[in-house]
Amino acid sequence: TEPVQPERMNLTKVNSGKMKARWQISTWLFASLFTVYNANFDFLPGDDATPNLYLPLAILEEGSLTFSPEDRPFMFVWRIQRPTTGAHREISIDGWLPQVKNWPGSIGYDLDELALRQERYYLVPSIQEGRYLSTFGVGAGFFALPVFAAASVFVDFTNQSAHFPWYLGKIAASSAVAGSAVFIFLTALRFCSWMAALLLAFAYGAGTCVWSISSQTLWQHGPNELFLAAACYFATKRAPTKRDWSLSGLALAFAVLCRPTSAVVVLTMGAWLLFKHRDAVPAFILGGMPIAVLLSLYNWQFLGSPLNFGQTERGHSVALEKTGSQELWSTPLFEGLSGLLFSPSRGLLVYSPFLLFAAFGILRIWRDREYTALRPFTVAFVCLLLF
């Protein structure tokens, strides 16, 4: 065989050293952010996260993707009659056992007069009678399933505090957000020095609302951010292979599973590939196809159509409560955009002012050809913001 040249050996050693350093920094970044996110030893309560936390338990304990009033009474509002006066009252029920604080029999009510009033807003009725599913989809719950499954090996959930699932969800959420920062670092490393890439990733992880919101409870946000960042990483390699495009499509499909509006990113990326890299389209589609099929079957099975989502089903009642109209698109564009960006209570640039620099980044991406690979994600950002 032909002997290996010293130059090739040196190049191999250099590349190996760079790869080792890259993963060492990535590990340090993940561990640092994960520690920061969990330094409060607490979680951020929010009803939106409830179905995400109890879906893993429903899968592990009942083998089900849905909820019922019999299994999770706290997810519903109940109507009950006081036997002495006949007066009715709406109550919440923590559980069915006498030792439970909010068990109806323990607070002087006649169980014969107990009736289901309605599901809470974070659930939508399934077409299967008596079954309800999460308004916010199944992606976040599936992402947390390994954490809950590992915990179930060592503990019995029925003997744990009601807060226990929330702490497990916090571990899953903070892992997802820390992981998204790692993908941002690895992506940025292709376009700038390792110090600049690390600064960018750490500014994202500790200087935006991914710390104060996404990492603190298992909403849709954290896993969605992880999969969007992963999709960007695979799609921005110097010379992406079919495998890279498939992995990018797969990551985006998981993002849609977490948050349906991420379909805007899928459509934008697909259109970009159709015009710029047509040979990558089949691999991109095939990568995301398995998850897309499963999501369509889920929607069809429980909501009656592959295109029905929990949030679209619940959207009209939420719009009525928030705006006084059931119309989903009634807010003027400028008013909605101002609220998203500058509202003192919710504005992105109020709580994450670091992201203001992204405006300069977008201009540079479209000015300099070396950043061409990032262009479809800037288009997706604008489309998603307008949506």
Side-chain angles (χ1 to χ4, degrees), residues 45-81 88-96 102 104 111-145 162 165 169 217-220 223-224 256-263 291-330:
D47 284 342
D48 286 11
T50 301
N52 297 334
L53 297 167
Y54 284 91
L55 179 62
L57 293 181
I59 294 173
L60 293 172
E61 296 175 356
E62 296 126 37
S64 175
L65 296 174
T66 60
F67 308 100
S68 70
E70 292 77 16
D71 296 327
R72 315 286 174 191
F74 56 88
M75 291 184 167
F76 301 84
V77 178
W78 299 84
R79 184 173 180 267
I80 200 164
Q81 180 177 350
H88 292 84
R89 179 184 173 188
E90 289 186 356
I91 65 169
S92 60
I93 300 174
D94 296 334
W96 299 116
N102 265 14
L111 294 182
D112 293 334
E113 296 296 330
L114 181 66
L116 180 64
R117 175 72 175 84
Q118 65 183 40
E119 72 280 0
R120 298 194 182 276
Y121 76 93
Y122 49 72
L123 296 182
V124 293
S126 167
I127 60 174
Q128 299 180 5
E129 185 176 357
R131 308 302 301 185
Y132 298 80
L133 58 149
S134 170
T135 296
F136 305 109
V138 295
F142 272 124
F143 178 81
L145 184 59
T217 292
L218 189 63
W219 285 298
Q220 300 167 292
N224 188 57
V256 175
L257 196 66
C258 294
R259 194 173 181 86
T261 52
S262 293
I291 303 302
V293 170
L294 291 175
L295 178 59
S296 298
L297 291 174
Y298 172 84
N299 291 340
W300 190 12
Q301 176 75 13
F302 297 115
L303 294 173
S305 169
L307 299 179
N308 285 348
F309 291 86
Q311 283 179 269
T312 56
E313 295 294 302
R314 179 61 69 188
H316 294 286
S317 60
V318 174
L320 180 63
E321 178 185 349
K322 298 291 185 181
T323 68
S325 169
Q326 289 190 347
E327 293 295 325
L328 297 180
W329 306 100
S330 60

Glu61 atom CD, over 12 foreign heavy atoms within 6.0 Å: yes
Heavy-atom pair of closest approach, residues Ala140 and Trp219: CB-O, 3.7 Å
Residues Glu321 and Arg314 bridged, charged N to O under 4.0 Å: no
Working for side chain to side chain contact (heavy atoms under 4.5 Å, CB included), residues Val124 and Phe302: CA-CA 10 Å; Val124 293; Phe302 297 115; over 6 Å; no
Check: Tyr122 ring centre within less than 6.0 Å of Tyr54 ring centre: no
Main-chain N/O of Leu303 paired with Asn308 side-chain donor or acceptor, under 3.5 Å: yes
Minimum-distance pair of heavy atoms, taken over all atoms of Leu53 and Pro165: CD2-O, 3.4 Å
Residue pair Gly169 / Leu218: nearest heavy atoms and the distance that separates them: O-CB, 3.8 Å
Any donor-acceptor pair under 3.5 Å from Thr323 side chain to Ala319 backbone: yes
4.5 Å side-chain heavy-atom contact, Asp48 and Thr217: no
Atom pair CD1/CD1 of Ile80 and Ile91 - distance to nearest 0.5 Å: 4.5 Å
Validation row: Arg131, Ser64 side chains within 4.5 angstrom (heavy atoms): yes
Intermediate values then yes/no, side chain to side chain contact (heavy atoms under 4.5 Å, CB included), Ile59 and Phe142: CA-CA 9 Å; Ile59 294 173; Phe142 272 124; 3.7 Å; yes
Results of side-chain contact (heavy atoms from CB on, under 4.5 Å) for Leu297 - residues two or more places apart only: Val293, Trp300
Any residue meeting ring-ring contact (aromatic ring centres under 6.0 Å, His included) with Phe76, in chain and number order, not counting sequence neighbours: Tyr132
Short side-chain donor-acceptor distance under 3.5 Å, Thr50 and Arg120: no
Distance in Å, Ser92 OG paired with Met75 CE, rounded so as to fall on 0.5 Å steps: 13.5 Å
Distance-minimising heavy-atom pair for Asn224 and Ser262: OD1-OG, 2.8 Å
Side-chain heavy atoms of Leu114 within contact of Trp78, under 4.5 Å: yes
Donor-acceptor contact present, side-chain Thr135 to main-chain Gln311, <3.5 Å: no
Closest heavy-atom pair and its distance - Phe67, Leu133: CD1-CA, 4.4 Å
Derivation of the side chain to side chain contact (heavy atoms under 4.5 Å, CB included) call for Ser134 and Leu55: CA-CA 8 Å; Ser134 170; Leu55 179 62; over 6 Å; no
Spacing of Leu123 atom CG and Arg72 atom CZ [to the nearest 0.5 Å]: 11.5 Å
Closest heavy-atom pair and its distance - Cys258, Pro223: SG-CB, 3.6 Å
Residues which pass side chain to side chain donor-acceptor pair (under 3.5 Å) with Glu313, listed by chain and number, not counting sequence neighbours: none
